[in-house]
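Here the structure is laid out as structure tokens; the discussion comes afterwards.
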Amino acid sequence: MIEFHWMGGKMTRVMKSKRAALRSRLAVILSVALPVCGGLRAQDKDFSKVEIKVTKVSGNIYMLEGEGGNIAASVGEDGIVIVDDQYAPLADKIQAALKNLKITDKPVRFVINTHYHGDHTGGNVPFASSGSTLIAQDNVRKRLESGGIAGNGSSLTMEVKPAPKGALPVITFDHDVTVHLNGEDIRALHFPAGHTDGDAIIFFPKNNVVHMGDDFVRYGFPFIDVSSGGSVQGMIAAMEKVSTQLPPDVKVIPGHGAISNLDDVRVFVKMLKETSAVVQKAIDQHKTVEQMKQEKILAPWAKWSGEFLDADKFIETLYNSLTGSKGEFMKHN
Ligand SMILES: [Zn+2]
């Protein structure tokens with residue numbers, strides 16, 4: 001009934017013949033999955049073997065990769081600010097990796113969530129209980145608190161359980177918030193209705209780094225959570241606005257994938273605009289989603305097709321986004 005594909009390198013390398021079996025097994029496992037942009041729910045994953053890789057991005061900004069969304073960290077004399085926190089079972093390893101930099105003994109004072117999905121907020125409880133203050137856009141708190149449905153409005157659908165109180169951001173903002181730490185004005189800016197309706201992009205202006213959350217990812221066709229107020233139009237608008245305003249040599253941390261630059265963002269936006277135009281044209285010709293799939297209207301963008309979102313699922317996503325036929329947009333506080 002509910003089908004959900006695990007995005008990521010491990011599964012993209014699975015032999016085609018094994019895919020069907022794996023897929024049906026995952027469908028069962030994930031029938032009540034967390035809203036992850038690329039993952040199994042936390043309790044079904046083996047986190048014991050996950051290692052946290054730390055990469056210096058620029059100045060005192062680091063990127064941490066483990067499982068789930070990329071983490072950005074500002075590490076300096078005032079302490080540590082991180083953007084997103086992956087999954088709860090990884091919190092100790094993340095703390096250890098930050099300590100290992102031997103830059104500061106001060107704690108993670110703030111965690112900023114780029115959006116509410118579980119592979120970006122899963123560590124909220126352990127970080128909050130060890131003293132970090134959680135910050136996010138208003139709708140992140142609302143969606144974490146209420147739970148609901150995440151997905152593309154069609155075949156990609158996941159039930160989201162309400163998060164415990166300890167996972168809820170204590171400080172929320174409507175449009176933007178700035179954290180003044182380590183000599184930098186770290187700014188979280190809300191972009192409406194992109195990947196979700198609670199997205200924030202985080203700017204580190206002194207270090208010339210930006211964390212895009214899942215408005216920009218490197219795993220192929222992006223997951224747009226139409227069921228949680230996301231839209232392709234909003235994602236395009238956010239990326240165009242950001243890429244015209246940032247310095248050309250800014251270092252871009254995507255929600256998932258390797259450190260990127262603005263050219264990578266432009267290629268991504270170009271694909272979003274072209275595929276949207278093709279689907280819009282088919283909508284104008286009164287074609288059904290099934291016809292669009294049969295005619296393989298996204299075939300020219302086949303290289304963007306991944307295990308998490310193939311062309312058919314992206315057609316569904318774009319159709320639902322462009323017709324506004326699915327999803328619910330929450331009004332801010
Ligand atoms: Zn996400």
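Just so you know, ligand 1 is whichever comes first in the structure, and atom 1 is the first atom listed for that ligand.
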Tell me if the aromatic rings of Phe173 and His190 count as close, with their centers under 6.0 Å from one another.
no
Rounded to the nearest 10°, what angle sits at the Zn ion (ligand 1) between NE2 of His115 and NE2 of His195?
100°
For Thr121, the side-chain hydrogen bond (donor to acceptor under 3.5 Å, both in side chains) test, sequence neighbours excluded, returns none
Do you see an N/O/S atom of His117, backbone or side chain, under 2.8 Å from the Zn ion (ligand 1)?
yes
Return yes when at least one N/O/S atom of Asp214 is nearer than 2.8 Å to the Zn ion (ligand 1), and no when none is.
yes
Salt-bridge present (Asp46, Lys49; N to O < 4.0 Å)
yes
Pair up each side-chain donor or acceptor in residues 177-186 with any protein partner under 3.5 Å, not counting sequence neighbours, and list the distances.
residue, atom, partner, partner atom, Å
His180, ND1, Asp185, OD1, 2.8
Asn182, OD1, Glu77, N, 3.4
Asn182, OD1, Asp78, N, 2.9
Asn182, ND2, Ser74, O, 3.4
Asn182, ND2, Ser74, OG, 2.9
Asn182, ND2, Gly79, O, 3.0
Glu184, OE1, Asn207, ND2, 2.9
Glu184, OE2, Lys206, N, 2.7
Glu184, OE2, Asn207, N, 2.8
Glu184, OE2, Asn207, ND2, 3.3

